[in-house]
2 protein chains.
Amino acid sequence: MFNDPDQTARANIRTSALELFAAKGPDAVTIREIAAAAGVSPGLVLHHYGSKQGLRNAVDEYVAALFEVLTKGSMADMAAPGADTPGVASGFAELLIGHLPPHSPIPAYLRRLLLADDPAGRQIFRTWYNLTLALTKQGIASGAMRPSADPEVRAAFLMINDLATMLLHKNLAAVVGVDPLTPDGIARWAADAIDAYSTGVFRLENE
Amino acid sequence: MFNDPDQTARANIRTSALELFAAKGPDAVTIREIAAAAGVSPGLVLHHYGSKQGLRNAVDEYVAALFEVLTKGSMADMAAPGADTPGVASGFAELLIGHLPPHSPIPAYLRRLLLADDPAGRQIFRTWYNLTLALTKQGIASGAMRPSADPEVRAAFLMINDLATMLLHKNLAAVVGVDPLTPDGIARWAADAIDAYSTGVFRLENE
DNA sequence: CAGCGTACTGTACAAATGTTCAGTCTGCAC
DNA sequence: GTGCAGACTGAACATTTGTACAGTACGCTG
């Protein structure tokens, strides 16, 4: 899925850049490094993308477009949940990742975009939020979710709680021993999240 | 509070480095830039810290030590909540930030440490998690929190949900219109978080 | 075949940057 | 006063890195 059949040198450069940017961050990657990974000369990188910034923009746009596609795919899953498809409680992030091959650099790149505080990341954040808000209002209307006095904040709350598992999964794996992005980690994590969101975390005083 | 009276050139260099690292990231800051901000020559930076990496380590250690102090202070607040001290629901992050001057670079630096996936950040993450886990178990034992089948994951869940507001507050402010690190943002955010954690988010089927 | 545009290479260059170092100044011990 | 250790400066150096460019190979069009 989403295996780009484009094997031109231009596409190879973009793909290599995507992987290296995701792994080390754009600032820590040199054009020579990208060229070597793509099997071309450094000059060709500039020939196709004008500058390093141009290449960064191209990769950003590519990932943003892919994100839109993934979003639509995840929405379809949401509307018609299959046998083992987790509900909304386990979050959209896992759903998105489920649409990608096992070691795709896309999640790591998305992580950088979301944390970078630049226009590309903010646009993705906005898309994600609008989607979450729509689902939240829909859930409240259908009775699946309890009403909230502040639906906008409620949607943001649910969204970034979900995002947090993607942003911090390495720390979680190292410290807690549960990586919420691995198959068994997902299960443990989702079970507790659903429990927390359903029965609540704090006990009311009059209980 | 925590205004270091150390005004030696050595301390000034560390302070300037801390601010610049927090704002732009260590890789994007040059030794010359730090020296200029501290009002010294570039050579002196190396004289005191040996190398740029040495300076980074020194800043990391300084922030880690400060984090320990802040943690203890926040725990004291937790044990004896004052008039307007929010409960555990609004999270530890806000409590920590409340112990710092308004425009302290510490939160931004902590953010970088936690997202960097290096030993210094992992140690802070670990301290934070151990604290959250202890409070969670204590809350369950006292009856203030509902029991969880998986206390470790429950503690991690609550912790990173809290962290997410700190990591993504800029995106939240730009897209949602609520910055959970500003005074009025805290109020709106905490109210909804407490509501979500108390009465739950999803409606059970038999209700 | 001739011409031309595009992909592509490898060299060269200028700027930035971490680091080294010789040397100066200052304060303190003897 | 003399000597010395440490703070501090400013110039210089080596390396890295983004980029420009001249030149080559190749495929398409006329």
Side-chain angles (χ1 to χ4, degrees), chain A residues 4-63 105 108-109 112-113 116 118-121, chain B residues 4-63 105 108-109 112-113 116 118-121:
Chain A
D4 218 323
D6 190 349
Q7 299 232 343
T8 61
R10 186 183 159 93
N12 282 339
I13 292 169
R14 176 168 39 64
T15 301
S16 296
L18 168 58
E19 290 171 0
L20 288 167
F21 287 169
K24 305 167 63 176
D27 293 335
V29 177
T30 69
I31 288 185
R32 286 166 176 80
E33 211 174 344
I34 296 167
V40 299
S41 73
L44 191 62
V45 177
L46 282 306
H47 172 71
H48 280 303
Y49 294 98
S51 67
K52 187 181 182 182
Q53 187 58 49
L55 176 56
R56 290 186 57 165
N57 294 341
V59 175
D60 280 359
E61 286 169 23
Y62 174 78
V63 173
Y109 197 88
R112 292 196 180 273
L113 278 179
D118 69 350
Chain B
D4 217 321
D6 190 350
Q7 299 231 343
T8 62
R10 187 185 159 92
N12 282 339
I13 291 169
R14 179 170 37 66
T15 302
S16 296
L18 168 58
E19 291 170 359
L20 288 167
F21 286 168
K24 306 168 59 175
D27 292 336
V29 177
T30 68
I31 288 185
R32 286 167 177 80
E33 211 174 345
I34 297 166
V40 299
S41 72
L44 191 62
V45 176
L46 282 305
H47 173 71
H48 280 305
Y49 294 98
S51 67
K52 187 181 182 181
Q53 187 56 49
L55 175 57
R56 290 185 57 164
N57 294 342
V59 175
D60 280 0
E61 287 169 22
Y62 175 79
V63 173
Y109 197 88
R112 291 194 181 273
L113 277 179
D118 70 350

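Proteins get letters first, then strands, A, B, ... in listed order; numbering begins at 1 in each. Everything numeric here is computed off the predicted structure, so don't read it as measured data.
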Take His47(B) and Leu44(B) through the test side-chain contact (heavy atoms from CB on, under 4.5 Å) and record every step on the way to the result. CA-CA 5 Å; His47(B) 173 71; Leu44(B) 191 62; 3.9 Å; yes
Before giving the answer on side-chain contact (heavy atoms from CB on, under 4.5 Å), spell out for Leu113(B) and Val63(B) the whole-Å C-alpha distance, their side-chain angles and the decisive distance to 0.1 Å. CA-CA 9 Å; Leu113(B) 277 179; Val63(B) 173; 4.0 Å; yes
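A salt bridge (Lys or Arg N to Asp or Glu O under 4.0 Å) check over residues 30-54 of chain A, counting only residues at least two apart or in different chains, returns the pairs Lys24(A)-Glu33(A).
With Phe21(B) as the partner, the side-chain contact (heavy atoms from CB on, under 4.5 Å) test is satisfied by one option alone out of Ser16(B), Pro105(B), Pro26(B): Pro26(B).
Close to dT19(D), at under 4.0 Å from its OP1 or OP2, lies no side-chain N or O of His47(A).
Taking 4.0 Å as the cut-off between side-chain N and carboxylate O, Asp60(A) and Arg112(A) do not count as a salt-bridged pair.
Side chain of Arg14(A) to main chain of Ala58(A): no donor-acceptor pair is present (N/O by atom type, distance under 3.5 Å, no hydrogens or angles). Tyr109(B) places no side-chain N or O within donor-acceptor distance of the main-chain N or O of Leu20(B), the cut-off being under 3.5 Å.
Along DNA chain C, read 5' to 3', the first and last nucleotides having any atom under 4.0 Å from a heavy atom of chain A are dA7(C) to dA12(C).
If you measure from atom OH of Tyr49(A) to atom C1' of dG18(D), you get 17 Å, rounded to the nearest angstrom. One can place CG of Leu46(B) at 13 Å from P of dT9(D), the figure rounded to the nearest angstrom. Atom C1' of nucleotide dG18(D) and atom CZ of Arg56(A) are separated by 13 Å, given to the nearest angstrom. Spacing between atom NZ of Lys52(A) and atom C1' of dA20(D) amounts to 17 Å, rounded to whole angstrom units. Note: CD1 (Ile13(B)) to C1' (dC8(D)) measures 10 Å, nearest angstrom.
A heavy-atom distance below 4.0 Å to DNA chain D is reached by these residues of residues 28-43 of chain B, ordered by number: Arg32(B), Val40(B), Ser41(B), Gly43(B).
Looking only at atom types and distance, the side chain of Asn57(A) has no donor-acceptor partner in the side chain of Glu61(A) under 3.5 Å away.
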